[in-house]
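Keep in mind the model is a prediction, meaning the values are calculated, not measured. Atoms within a ligand are numbered from 1 in the order they appear, just like the ligands themselves.
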Amino acid sequence: MTHSRVSEPFSMVIFGATGDLAKRKLFPALFSLYMNNLLPDAFRIVGVGRTQRTHEQFRQAVRDSVEQFARIKVTDEASWQQFIKNFTYAIADVKNPEGYSEIKSLIEGFESHHDVPTNRLFYLAIAPDLFATVSHNIKVNGLANTKGYKRLIIEKPIGHDYASAKEIDEQIKRTFSEKEIYRIDHYLGKEMVQNINVIRFANSIFEPLWNHHYIECVQITASETVGVEERAAYYDHAGALRDMVQNHLLQMLMMVCMEPPSRLKTEAIHDEKIKVLRSLRQYSEAEVGKYVVRGQYQAGVLNGKDTPAYRDEKNVDSASQTETFVAAKLFVDNLRWAGVPFYVRTGKRMGAKATEIVIQFKEMPKNLYFNKNNDLGPNLLVITINPDEGIHMVLNTKKPGSDNQIIPIAMEFCNNCEQGTPEAYESLIHDAIIGDQTFFTHWEEVSLAWEFIDPIRRAWDQNLYPLDFYESGSWGPESAHRLLAEEGHQWWPVTKERQHRIIKANEMITT
Ligand SMILES: NC(=O)C1=CN([C@@H]2O[C@H](COP(=O)(O)OP(=O)(O)OC[C@H]3O[C@@H](n4cnc5c(N)ncnc54)[C@H](OP(=O)(O)O)[C@@H]3O)[C@@H](O)[C@H]2O)C=CC1
Ligand SMILES: O=C1O[C@H](COP(=O)(O)O)[C@@H](O)[C@H](O)[C@H]1O
């Protein structure tokens with residue numbers, strides 16, 4: 001996020017303003033941007049939903065959401081009033097073209113009152129099957145006729161496979177061009193995901209080692225302790241492969257694997273990310289079982305509380321075959337990454353909430369000097385993304401006072417300890433307002449990701465491979481561990497577990 005540029009005045013229509021995403025993410029993000037002086041003096045937010053609400057009731061709902069979810073709290077009533085006066089609400093069924101006249105008059109009223117350019121953002125916080133209808137209705141109602149800019153912000157998932165995503169893309173492109181479409185993958189808004197390029201390309205101790213000569217394997221984990229919660233209607237059809245792997249995990253993979261861009265410009269970065277997906281080894285339905293495993297959570301205990309099996313969750317089919325866990329062994333078949341396995345895993349109801357990337361470097365020859373006690377391990381660079389943000393570097397060192405006994409120590413940098421960092425949605429909404437598409441996904445990223453995912457999905461839909469089960473609170477099914485063991489690797493413990501095993505550099509100095 002560029003902190004210094006305040007944008008031109010704009011209007012933002014939030015379709016789905018009564019929904020969960022708006023409440024938990026969008027309103028809090030807008031408030032934080034406002035409090036950080038990252039919004040212009042004049043802006044208008046038009047919330048849209050079918051629910052009956054007055055402007056005042058809508059503003060109260062925004063206040064409730066900010067109080068509950070914003071990282072920056074309301075401390076001063078005058079600032080709050082300055083912020084909230086920009087919010088209005090239109091009752092509309094987005095399928096009905098007539099509903100758009102109220103939206104239009106709220107925007108035009110703002111533009112003419114303030115004599116500001118017609119800069120319009122349309123945020124679709126609604127189900128993807130409405131994307132085409134809404135963008136069509138934006139066009140036929142003249143909302144897309146702007147003298148300033150027009151931008152469409154859409155959420156994942158875009159479609160449920162390549163064909164459906166392509167259809168949506170073709171339809172929205174009747175109103176918006178690629179340069180006007182901002183596809184959100186909120187992981188790209190996370191500080192430490194954006195930091196990957198800096199860690200790689202601004203450090204001479206990493207850049208020369210970032211290839212198959214020095215890297216043994218890479219592990220990407222996005223584990224959650226929550227279950228399906230209130231989202232079964234969506235999730236029981238989507239599953240973890242579509243919900244997390246198609247987008248967030250492949251985005252992190254692209255950031256780790258991409259070549260240095262020719263310039264720090266959006267197109268150059270997108271080009272390099274797209275090339276990674278072009279090099280990603282595709283698995284046929286017949287190969288899926290060797291490289292990808294799926295699991296579903298069973299009952300268990302998390303944080304001392306009993307939790308139900310996925311099939312016993314509200315609104316989940318009691319015989320559901322939906323995967324709540326995926327682990328895969330991926331290969332990027334290019335010169336830089338030849339032969340390096342990229343292990344990715346994601347799941348609900350796992351042992352801890354953690355998003356992390358572990359770069360495991362090749363080991364020193366063990367037969368030479370320092371492995372008398374079989375205690376020499378590999379160096380690890382761990383990029384912690386969420387909830388901890390930072391870098392954790394595991395090195396070998398001599399245990400103080402010992403006779404060359406080796407211990408692993410960790411040097412740690414915490415990115416969000418001194419001061420809080422922006423929420424992903426703050427960064428991304430700000431970037432959309434200032435017109436920076438760098439951390440949004442290009443259509444080609446979306447389409448190539450679906451092309452990779454589709455054969456896996458088809459293999460599972462035909463039940464060619466088993467659905468494995470795992471206890472809630474565990475680290476997934478046994479098959480996920482076997483996937484690595486067969487290459488002589490193991491999943492590195494995340495966050496808390498890791499800290500028990502490794503001495504932090506500063507702790508060792510003081511003991
Ligand atoms: N919630 C989350 O954390 C995340 C959500 N997303 C994506 O964001 C989008 C929204 O998700 P979420 O907020 O959870 O969904 P919700 O079901 O909570 O909200 C859906 C919203 O759409 C509105 N809506 C539905 N049908 C119509 C209609 N015909 N006309 C007008 N408004 C309509 C509803 O308003 P009303 O009922 O008032 O009509 C409501 O505001 C989805 O694409 C989802 O996949 C992506 C990542 C995370
Ligand atoms: O997009 C999604 O992400 C969340 C996890 O996001 P995080 O920022 O908390 O790591 C996941 O719970 C949800 O199922 C998925 O749709």
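For Phe31 and Trp80, the distance between ring centers is under 6.0 angstrom. Taking the six-membered ring wherever Trp is involved, the centroid distance between the rings of Tyr310 and Phe325 does not fall below 6.0 Å.
Here the heavy atom of the protein found nearest to atom 19 (O) of ligand 1 is Gly19 CA, 3.4 Å. Atom 9 (C) of ligand 1 has as its closest protein heavy atom Ile126 O, 3.5 Å. When only non-hydrogen protein atoms are considered, atom 21 (C) of ligand 1 lies nearest to Gly16 CA, 3.7 Å. Counting only heavy atoms of the protein, atom 46 (C) of ligand 1 lies nearest to Glu155 OE1, 3.3 Å. The nearest heavy-atom contact from the protein to atom 31 (C) of ligand 1 is Ala92 O, 3.2 Å. The single protein non-hydrogen atom nearest to atom 44 (C) of ligand 1 is Lys156 O, 4.1 Å, given as residue, atom name and distance. For atom 10 (O) of ligand 2, the closest non-hydrogen atom of the protein is Tyr187 OH, 2.5 Å. Of the protein's non-hydrogen atoms, the one nearest atom 38 (O) of ligand 1 is Thr51 OG1, 2.4 Å. When only non-hydrogen protein atoms are considered, atom 13 (C) of ligand 2 lies nearest to Arg231 NH1, 3.3 Å. Annotation: atom 10 (C) of ligand 1 to nearest protein heavy atom, Ala125 O, 3.3 Å. With hydrogens left out, the protein atom closest to atom 12 (O) of ligand 2 is Glu224 OE1, 2.6 Å, a heavy atom.
Salt bridge annotation for Lys275-Glu272: present, with a cationic side-chain nitrogen under 4.0 angstrom from a carboxylate oxygen. With salt bridges taken as basic N to acidic carboxylate O contacts below 4.0 Å, one links Lys314 and Glu230. The existence of a salt bridge linking Arg349 and Glu313 is confirmed by a sub-4.0 Å separation between a basic side-chain nitrogen and an acidic carboxylate oxygen. Classification of Asp20 and Lys25 as a salt-bridged pair fails, no side-chain N sitting under 4.0 Å from a carboxylate O. Salt-bridge formation is not detected for the pair Glu180/Arg120: no Lys NZ or Arg NE/NH1/NH2 atom is positioned less than 4.0 Å from an Asp or Glu carboxylate oxygen. A salt bridge links Glu444 with Arg278; the closest basic N to acidic carboxylate O contact falls under 4.0 Å.
Note on ring orientation: taking the six-membered ring where Trp is involved, the planes of Tyr470 and Tyr297 are perpendicular (angle over 60°, cut-offs 30° and 60°). Relative orientation of the Phe83 and Phe43 rings is tilted, given thresholds of 30° and 60° on the angle between their planes. Note on ring orientation: taking the six-membered ring where Trp is involved, the planes of Tyr100 and Phe15 are tilted (angle from 30° to 60°).
Residue Ala22 has no nitrogen or oxygen atom sitting less than 3.5 Å from a nitrogen or oxygen atom of ligand 1, judged on distance alone. For the pair Tyr234 and ligand 1, the shortest N or O to N or O distance does not fall below 3.5 Å.
Heavy-atom proximity to Lys353, at under 4.0 Å, picks out these atoms of ligand 2: 7 (P), 9 (O), 10 (O). Interface of Lys190 with ligand 2, defined as ligand atoms under 4.0 Å from a residue heavy atom, comprises 7 (P), 8 (O), 10 (O). Those atoms of ligand 1 with a heavy atom of Pro128 less than 4.0 angstrom away are 43 (O). Listed by atom number, the atoms of ligand 2 under 4.0 Å from Lys156 heavy atoms are 1 (O), 2 (C), 15 (C), 16 (O). Residue Asp93 has at least one heavy-atom neighbour below 4.0 Å for each of these atoms of ligand 1: 28 (C), 29 (N), 30 (N). Per-residue contacts place Pro157 under 4.0 angstrom from the following atoms of ligand 1 (heavy atoms of the residue considered): 45 (O).
For the pair Arg53/Ile91, no side-chain contact is recorded, criterion being any heavy-atom separation below 4.5 Å from C-beta on. Between Asn36 and His430 there is no side-chain heavy-atom pair separated by less than 4.5 Å.
Under 4.0 Å from ligand 1, heavy atoms of Arg50 appear from its side chain as well as its backbone. The proximity of Arg24 to ligand 1, defined as any non-hydrogen pair under 4.0 Å, is limited to the side chain.
Protein heavy atoms all stay at least 4.0 Å away from atom 17 (O) of ligand 1.
Counting heavy atoms only, Leu21 comes closest to atom 5 (C) of ligand 1 of the residues Leu21, Asp20, Leu130. In this structure, of Val228, Asp243, Asn386, Asp185, the residue bringing a heavy atom nearest to atom 15 (C) of ligand 2 is Asp243. Across the listed options Asp243, Leu124, Leu26, Thr18, Thr18 owns the non-hydrogen atom lying nearest to atom 36 (P) of ligand 1. For atom 3 (O) of ligand 2, the choice among Lys348, Glu155, His186 with the nearest heavy atom turns out to be His186.
Using modelled atom types, no side-chain atom of Asp468 and backbone atom of Gly295 make a donor-acceptor pair closer than 3.5 Å. No donor-acceptor distance shorter than 3.5 angstrom exists from the side chain of Asn195 to the backbone of Glu191, with no hydrogens or angles considered.
Nearest heavy atoms, Val46 versus Arg44: CG2-CG, 3.8 Å.
Residue-ligand proximity: Tyr235 is placed with every non-hydrogen atom at 4.0 Å or more from ligand 2. Under a 4.0 Å heavy-atom criterion, Gly99 is not in contact with ligand 1.
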